[in-house]
Amino acid sequence: MAVTLARLKLPELPRFLKWGRPVERLVARHPGTTFATAAIRPPNTFSTFTIWRSVREMTDMVYGRSAVPQAHTHTVAMAEQHRRDFHHESAFMRFRPLSEHGTWEGRSLLPDVGA
């Protein structure tokens with residue numbers, strides 16, 4: 001599972017959208033993603049939340065090692081972020097879920113926890 005929290009520099013919005021939209025499409029279409037969503041608090045605070053089938057699939061996507069179209073997209077966006085930061089503040093966190101309670105739209109989102 002991954003969480004992003006960030007406060008965007010508003011003048012960087014066009015660059016952020018240019019490099020971020022392809023990453024959004026990559027994550028949404030990635031076969032390892034079981035759930036992905038984002039939230040924004042205008043004008044510049046946003047968060048993303050994703051659940052993955054495995055840590056390996058998540059990190060392979062992050063570093064462009066997935067066998068999917070446009071696998072390099074996230075790596076290129078990270079390089080652009082390092083070149084000139086999009087954000088005032090940001091945190092990129094990864095977690096290993098311990099358990100799941102309930103369902104989302106009638107289905108479990110986590111792989112077999114503890115397997």
Side-chain angles (χ1 to χ4, degrees):
M1 157 178 357
V3 175
T4 301
L5 300 169
R7 280 192 330 112
L8 184 66
K9 296 175 182 173
L10 288 179
E12 298 297 327
L13 180 61
R15 284 183 56 247
F16 177 74
L17 294 175
K18 175 184 177 183
W19 298 101
R21 283 184 176 149
V23 173
E24 180 183 351
R25 286 190 293 275
L26 172 66
V27 171
R29 296 175 183 161
H30 197 286
T33 305
T34 64
F35 183 79
T37 192
I40 186 166
R41 180 176 181 222
N44 67 338
T45 303
F46 73 92
S47 176
T48 65
F49 177 77
T50 55
I51 299 174
W52 295 81
R53 286 189 309 201
S54 70
V55 172
R56 167 63 133 252
E57 286 175 295
M58 177 180 61
T59 56
D60 282 354
M61 183 284 300
V62 167
Y63 296 109
R65 298 186 299 247
S66 298
V68 298
Q70 303 297 311
H72 67 284
T73 303
H74 192 272
T75 305
V76 172
M78 286 192 316
E80 184 63 16
Q81 161 77 6
H82 290 297
R83 185 182 75 78
R84 193 169 88 217
D85 203 341
F86 302 121
H87 308 108
H88 292 291
E89 300 175 288
S90 58
F92 306 95
M93 301 165 280
R94 299 178 192 158
F95 301 93
R96 185 179 306 264
L98 301 176
S99 65
E100 178 178 25
H101 304 274
T103 60
W104 178 265
E105 296 181 349
R107 66 185 176 100
S108 173
L109 296 177
L110 297 180
D112 293 330
V113 176

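From a predicted model like this one, the values you see are computed outputs, not experimental measurements. If you read the sequence from its start, that first residue is 1, and numbering goes on from there.
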Determine whether a donor-acceptor pair (N or O, by modelled atom type, separation under 3.5 Å) exists between the side chain of E12 and the backbone of H87. no
Assigning hydrophobic clusters by single linkage (Ile, Leu, Val, Met, Phe, Trp, Tyr; side-chain heavy-atom cutoff under 4.5 Å), is I40 placed with V27? no
Are the side chains of S47 and R41 in contact, using a 4.5 Å heavy-atom criterion? no
Sequence-distant partners of H30, side-chain hydrogen bond (donor to acceptor under 3.5 Å, both in side chains), two or more places apart: S66
Mind telling me whether F46 and F16 have parallel, tilted or perpendicular rings, with 30° and 60° as the class edges? tilted
Could you go through W52 and T34, starting from their C-alpha distance and side-chain angles, then the distance that decides it, and tell me whether this counts as side-chain contact (heavy atoms from CB on, under 4.5 Å)? CA-CA 5 Å; W52 295 81; T34 64; over 6 Å; no
In the single-linkage hydrophobic clustering (I, L, V, M, F, W, Y; side-chain heavy atoms under 4.5 Å), do V23 and L8 co-cluster? no
Contact check, side chains of V55 and R94, non-hydrogen atoms, under 4.5 Å: no
Output for pair (W104 CH2, T37 OG1), nearest 0.5 Å, gives 7.5 Å
Drop me the distance from R96's CZ to L110's CG, to the nearest 0.5 angstrom. 12.0 Å
So for atom CZ, which belongs to R83, do other residues, nucleotides or ligands contribute more than 12 heavy atoms lying within a distance under 6.0 Å? yes
side-chain hydrogen bond (donor to acceptor under 3.5 Å, both in side chains) with S54: which residues, sequence neighbours excluded? E57
Distance col, row T59:OG1 vs R65:CZ, nearest 0.5 angstrom, shows 5.5 Å
Using 0.5 Å steps for rounding, measure from the CG atom of D85 to the CD atom of E80. 10.5 Å
Can F95 be reached from I51 by stepping across I, L, V, M, F, W or Y side chains whose heavy atoms are under 4.5 Å apart? yes
Using side-chain contact (heavy atoms from CB on, under 4.5 Å), reason through T48 and F92 one step at a time and then give a plain yes or no. CA-CA 9 Å; T48 65; F92 306 95; over 6 Å; no
Applying side-chain contact (heavy atoms from CB on, under 4.5 Å) to R15 and F86, what does each step give before you reach the verdict? CA-CA 8 Å; R15 284 183 56 247; F86 302 121; 3.4 Å; yes
Non-hydrogen atoms of L17 and P22 that approach each other most closely: O-CD, 4.2 Å
Membership question, hydrophobic clusters at under 4.5 Å side-chain separation (ILVMFWY): are M58 and Y63 in the same one? yes
Pairing of R21 and E24 as salt bridge, 4.0 angstrom limit: no
Any chance you could measure L26, atom CG, to T73, atom OG1, to the nearest 0.5 Å? 5.0 Å
Point-to-point distance, once rounded to the nearest 0.5 Å, from CZ of F49 to OG1 of T4: 11.0 Å
For side-chain contact (heavy atoms from CB on, under 4.5 Å), just list the numbers for M61 and V68, CA-CA rounded to whole Å, side-chain angles, deciding distance to a tenth of an Å, and then say yes or no. CA-CA 9 Å; M61 183 284 300; V68 298; over 6 Å; no
Residues T45 and R7: closest non-hydrogen pair is OG1-CG, 3.6 Å
Which heavy atom of G64 sits nearest a heavy atom of T75, and at what distance? N-OG1, 3.3 Å
For residues M1 and L109: do they belong to one hydrophobic cluster (side chain heavy atoms under 4.5 Å, members Ile, Leu, Val, Met, Phe, Trp, Tyr)? yes
